[in-house]
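Comments concern the structure below.
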Amino acid sequence: MGLQTVFRAVIMGAPGSGKGTVSSRIAQSFGLKHLSSGDLLRANIEAKTDLGLLMKSCIDQGQLVPDDVISRLILSSLRGMAQTSWLLDGFPRTVAQAESLDSVYDVDSVINLDVPFQTIRERLTSRWVHLPSGRVYNIDFNPPKKPGFDDVTGEPLVQRDDDSPETVSRRLKDYERQTQPVLEYYRSKGVLETFSGTETNKIWPHVHAFLTRKIPGNQQAMGKA
Ligand code: G5P
Ligand code: MG
């Protein structure tokens with residue numbers, strides 16, 4: 001990436017569409033700093049911060065946390081990163097959040113992962129996560145080397161409290177009602193790029209090619225698909 005060029009991106013998609021999985025590939029291939037709102041919230045819960053304690057029940061039930069809470073958390077995490085290229089995952093999730101981001105930063109590209117809801121339901125019930133790092137595994141797709149334990153730290157993996165079938169249904173409904181309007185918002189700004197499919201490994205080469213074109217000074221792309 002060019003030294004002075006900063007690239008700011010958002011990745012969107014329904015719960016379980018693969019935002020976290022694709023984000024770590026983007027971070028690795030293009031050197032963007034990956035910031036996941038869900039990972040930040042779960043880290044707060046894990047560390048029992050005031051914010052974490054306050055938001056835990058809301059998140060466990062699959063409800064969105066209040067716009068002002070999450071906007072403050074994300075925008076404060078972005079402070080001091082004016083010279084850093086970043087990728088936001090899970091934020092913005094409502095039009096109000098998109099507007100608060102807009103008041104501070106212009107977003108260069110919005111990557112939208114469009115995956116059928118039926119595919120998503122199947123994936124989330126077999127997801128295992130390492131909470132401190134946000135690393136995600138899936139029993140079928142990318143199993144950990146040792147079942148139940150994180151590849152890097154060897155610490156135990158857990159299933160997310162909000163991955164139960166009923167809670168997944170609620171998250172998908174909220175997504176349709178509150179987050180799909182954000183896609184419209186970015187489409188009208190001309191920055192939305194949608195990638196459709198049922199498999200991350202098939203979607204990824206298209207995302208990689210898109211970013212290779214889009215990221216300034218990236219003629220010598222750092223990574224390969
Ligand atoms: P999160 O953490 O942002 P979601 O619901 O948006 O949660 P989630 O569940 O983290 O999104 P993802 O990141 O899109 O999903 O998907 P992933 O983890 O990469 O992949 C899902 C699973 O599928 C994994 O097991 C992965 O290995 C597997 N997988 C990936 N690709 C494939 C494939 O090709 N095949 C197969 N078989 N498997 C695959 O938000 C959580 C909560 O935090 C709050 C809300 O309460 C929210 O519900 N929150 C916010 N509230 C308000 N505003 C915000 N901006 C908020 N952000 C978070
Ligand atoms: Mg995620």
Side-chain angles (χ1 to χ4, degrees), residues 10-27 34-46 51-52 54-75 77 87-101 111-131 133-144 151 157-164 167-180 182 195-205 207:
V10 167
I11 187 162
M12 294 188 59
S17 57
K19 299 182 296 294
T21 306
V22 172
S23 291
S24 50
R25 294 185 189 185
I26 292 175
H34 172 213
L35 218 67
S36 155
S37 55
D39 287 353
L40 273 175
L41 289 169
R42 284 184 292 276
N44 272 277
I45 293 176
E46 189 70 359
L51 179 89
L54 215 60
M55 295 301 139
K56 181 176 173 13
S57 70
C58 187
I59 293 166
D60 286 352
Q61 290 165 30
Q63 285 171 323
L64 293 186
V65 309
D67 284 334
D68 57 325
V69 170
I70 192 72
S71 294
R72 225 176 308 128
L73 183 67
I74 296 294
L75 294 181
S77 305
L87 171 67
L88 297 181
D89 157 9
F91 180 92
R93 259 236 215 347
T94 64
V95 172
Q97 292 176 21
E99 286 167 348
S100 69
L101 178 62
I111 292 165
N112 174 35
L113 304 180
D114 171 32
V115 176
F117 282 9
Q118 190 45 41
T119 308
I120 285 173
R121 284 178 209 282
E122 288 157 15
R123 280 181 192 182
L124 289 185
T125 47
S126 50
R127 167 162 66 182
W128 289 82
V129 293
H130 178 243
L131 282 180
S133 68
R135 271 185 289 280
V136 215
Y137 301 89
N138 186 282
I139 299 168
D140 319 299
F141 177 65
N142 59 334
D151 286 353
L157 301 176
V158 296
Q159 288 205 281
R160 278 170 44 174
D161 288 327
D162 59 350
D163 275 348
S164 71
T167 310
V168 167
S169 294
R170 169 184 225 160
R171 286 161 63 201
L172 290 173
K173 267 201 209 95
D174 279 358
Y175 169 78
E176 282 186 313
R177 197 164 47 88
Q178 293 180 280
T179 308
Q180 279 179 345
V182 183
F195 300 87
S196 304
T198 55
E199 287 171 57
T200 298
N201 288 345
K202 291 199 176 144
I203 291 178
W204 167 242
V207 174

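Since this is a predicted model, take the numbers as computed values, not measurements. Start at 1 and go down the list; that is how both ligands and their atoms are numbered.
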Do [X] and [Y] have side chains that approach each other closer than 4.5 Å (heavy atoms only, starting at C-beta)?
X: R127; Y: Y137; answer: no
X: V69; Y: L73; answer: no
X: L124; Y: R160; answer: no
X: M12; Y: T179; answer: yes
X: P116; Y: T198; answer: yes

Please list the nearest protein heavy atom to [atom] with its residue and the distance rounded to 0.1 Å.
atom: atom 11 (O) of ligand 1; answer: K19 NZ, 3.1 Å
atom: atom 35 (N) of ligand 1; answer: F141 CD1, 3.4 Å
atom: atom 18 (O) of ligand 1; answer: R127 NH1, 2.8 Å
atom: atom 49 (N) of ligand 1; answer: L41 CD1, 3.5 Å
atom: atom 2 (O) of ligand 1; answer: R42 NH1, 2.8 Å
atom: atom 5 (O) of ligand 1; answer: R171 NH2, 2.6 Å
atom: atom 51 (N) of ligand 1; answer: V65 N, 3.1 Å
atom: atom 19 (O) of ligand 1; answer: T21 OG1, 2.6 Å

Check this for me: does any side-chain nitrogen of one of K56 and D161 sit under 4.0 Å from a carboxylate oxygen of the other?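 Salt bridge present between K56 and D161.
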Mark up the atoms of ligand 1 that fall under 4.0 Å of a heavy atom belonging to [X], in ascending order.
X: E199; value: 34 (O)
X: P15; value: 4 (P), 5 (O), 6 (O), 11 (O), 15 (O)
X: I70; value: 53 (N), 54 (C), 55 (N)

Ligand 1 and [X], any nitrogen or oxygen pair closer than 3.5 angstrom?
X: G16; answer: yes
X: D89; answer: no
X: N201; answer: no
X: S36; answer: no
X: Q97; answer: yes

Are a donor atom and an acceptor atom from the side chains of S100 and R72 found within less than 3.5 Å of each other?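 Short answer, no.
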Minimum distance, heavy atoms only, to [atom]: which one of [options] is it?
atom: atom 13 (O) of ligand 1; options: A14, G20, S71; result: G20
atom: atom 40 (O) of ligand 1; options: M55, R93, M12, Q159; result: R93
atom: atom 27 (O) of ligand 1; options: V129, N142, D162, I203; result: N142
atom: atom 7 (O) of ligand 1; options: R160, Q178, Q61; result: R160
atom: atom 55 (N) of ligand 1; options: G134, G90, A96, S17; result: G90

Derivation and outcome, salt bridge (charged side-chain N to carboxylate O under 4.0 Å, His left out), residues D174 and R171: CA-CA 5 Å; D174 279 358; R171 286 161 63 201; over 6 Å; no
Let's go through I70 and Q97 carefully: what are the C-alpha distance in whole Å and the side-chain angles of both, what is the deciding distance for side chain to side chain contact (heavy atoms under 4.5 Å, CB included) to 0.1 Å, and is it a yes or a no? CA-CA 8 Å; I70 192 72; Q97 292 176 21; 3.3 Å; yes
Keeping the roles fixed (side chain from N44, backbone from L40), state whether a donor-acceptor pair exists under 3.5 Å.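 Yes: the side chain of N44 pairs with the backbone of L40.
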Atom pair CD1 (I120) and OG (S169), whose distance is rounded to the nearest 0.5 Å: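 So the CD1 of I120 and the OG of S169 are separated by 11.5 Å.
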Once you round to the nearest 0.5 Å, how far does CG of L41 lie from CG of L51?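 These two atoms lie 6.5 Å from each other.
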Check against side chain to side chain contact (heavy atoms under 4.5 Å, CB included), T21 and W204: CA-CA 10 Å; T21 306; W204 167 242; over 6 Å; no
